Amino acid sequence: LLENIDNVDTMMNTEGFDIDLVHSRLTRGTEDIAAKDKGKETAIQFDAQLKNIESQVPDLGTKGPLEVPRTQVVKILDGARRTGFVTADQKATLHKYALQLSNSLPKDQTWFITSDSGETTEMTSDQIYQRLSKDIDAFIIKESTKTLPGVVNE
């Protein structure tokens with residue numbers, strides 16, 4: 001409908017033209033870009049935080065087979081850095097990994113965890129999981145946008 005329209009006056013006088021639809025599509029585009037940027041930043045910060053904690057648990061990989069291997073987490077975070085989003089399944093996997101990581105920390109010790117702003121906080125393993133869990137919840141879920149050939153997503 002709008003392919004051959006080259007000015008706003010023509011557009012506004014075209015039968016069936018829906019200004020609300022155009023506005024929502026333009027706005028959605030802007031919101032998608034902002035959400036992607038926020039998601040990419042979340043992935044970068046979360047990965048840095050994981051590395052900070054993992055560096056204090058050098059034997060994590062030697063405690064037998066892991067339910068969620070680090071390679072799987074790396075793949076999810078790499079994808080989130082590119083797209084800004086994770087799927088619901090990927091979010092669940094990140095939660096499993098965070099729980100696995102905090103469970104591998106001795107319960108009778110505390111750790112000093114540095115935030116993105118450079119603030120250092122003393123935390124127990126349970127508090128570390130709560131913090132990681134909160135950060136995982138900040139990831140934006142978007143299911144796969146792949147479509148069948150010839151099918152257009154609206």
Side-chain angles (χ1 to χ4, degrees), residues 1-3 18-154:
L1 172 67
L2 299 177
E3 291 169 4
D18 184 349
I19 189 71
D20 292 329
L21 176 63
V22 172
H23 179 266
S24 75
R25 286 198 179 167
L26 290 172
T27 308
R28 187 178 66 213
T30 307
E31 287 169 355
D32 278 354
I33 290 167
K36 278 183 186 176
D37 288 346
K38 182 176 182 274
K40 289 174 186 179
E41 189 64 28
T42 300
I44 291 165
Q45 290 172 357
F46 185 73
D47 191 41
Q49 187 167 242
L50 276 185
K51 285 178 179 160
N52 175 10
I53 296 164
E54 288 163 341
S55 70
Q56 300 175 62
V57 195
D59 62 340
L60 175 65
T62 62
K63 291 190 179 226
L66 298 173
E67 186 182 0
V68 179
R70 178 65 162 124
T71 51
Q72 201 173 344
V73 172
V74 168
K75 203 180 287 185
I76 292 169
L77 295 177
D78 283 349
R81 272 200 289 269
R82 278 194 318 279
T83 66
F85 304 103
V86 297
T87 66
D89 286 348
Q90 289 173 330
K91 197 179 251 199
T93 300
L94 291 176
H95 273 291
K96 275 185 195 167
Y97 183 79
L99 187 59
Q100 172 179 287
L101 179 59
S102 70
N103 283 342
S104 67
L105 297 167
K107 300 291 179 207
D108 57 349
Q109 285 180 281
T110 56
W111 286 264
F112 290 95
I113 306 301
T114 307
S115 70
D116 306 324
S117 59
E119 211 174 284
T120 302
T121 310
E122 190 174 2
M123 295 184 163
T124 64
S125 58
D126 289 340
Q127 289 170 323
I128 288 172
Y129 174 68
Q130 288 165 3
R131 174 152 166 193
L132 290 176
S133 183
K134 187 174 137 239
D135 291 345
I136 292 166
D137 288 339
F139 280 96
I140 302 164
I141 293 178
K142 189 172 192 177
E143 297 307 329
S144 175
T145 55
K146 291 178 184 169
T147 59
L148 297 170
V151 175
V152 178
N153 273 351
E154 279 301 318

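All of these numbers come straight from a predicted model, not from anything done at the bench.
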Residues K38 and A138: closest non-hydrogen pair is NZ-O, 4.1 Å
From Q109 CD over to M123 CE, what is the distance, rounded to the nearest 0.5 angstrom? 16.0 Å
Can you see which heavy atom on L77 is nearest to which on A43, and at what distance? O-CB, 3.9 Å
With a 4.5 Å heavy-atom cut-off, do T42 and D135 have their side chains touching? no
pair I140-K36: side-chain heavy atoms closer than 4.5 Å: no
Any heavy-atom pair between the side chains of Q100 and Y129 that's under 4.5 Å? no
Closest approach of K107 to D126 (non-hydrogen atoms, all atoms of both residues): NZ-OD1, 3.8 Å
I'd like to know if K96 pairs up with D89 as an ion pair, taking the criterion as any Lys NZ or Arg NE/NH1/NH2 lying under 4.0 Å from an Asp or Glu carboxylate oxygen. no
Has K134 got more than 12 heavy atoms of other residues, nucleotides or ligands less than 6.0 Å from its NZ? no
Reported CD-to-CD1 distance for the pair Q90 and I136, which is rounded to 0.5 angstrom: 12.0 Å
E67 versus L99: any side-chain heavy-atom pair under 4.5 Å? no
What are the two closest heavy atoms between A88 and I141, and how far apart are they? N-CG2, 3.7 Å
Report yes if some heavy atom in the side chain of I53 is under 4.5 Å from a heavy atom in the side chain of W111; otherwise report no. no
Can you check salt bridge (charged side-chain N to carboxylate O under 4.0 Å, His left out) on K75 and D78, steps first, answer last? CA-CA 5 Å; K75 203 180 287 185; D78 283 349; over 6 Å; no
Answer yes or no: is there an ion pair linking K51 with D47, defined by an N-O contact shorter than 4.0 Å? yes
So Y97 and L50, do their side chains get closer than 4.5 Å, heavy atoms only? yes
Taking atom OG1 of T121 and atom CD1 of I128, what is their separation to the nearest 0.5 Å? 10.5 Å
Side chain to side chain, N52 and F112, heavy atoms closer than 4.5 Å: no
Distance (rounded to the nearest 0.5 Å) between I113 CD1 and T120 OG1: 9.0 Å
Please report the closest heavy-atom contact between R70 and E54, naming both atoms and the distance. NE-OE2, 2.9 Å
When you compare the side chain of I76 with that of K91, does any pair of heavy atoms fall below 4.5 Å? no
CG on L132 to CG on L101, rounded to 0.5 Å: 6.5 Å
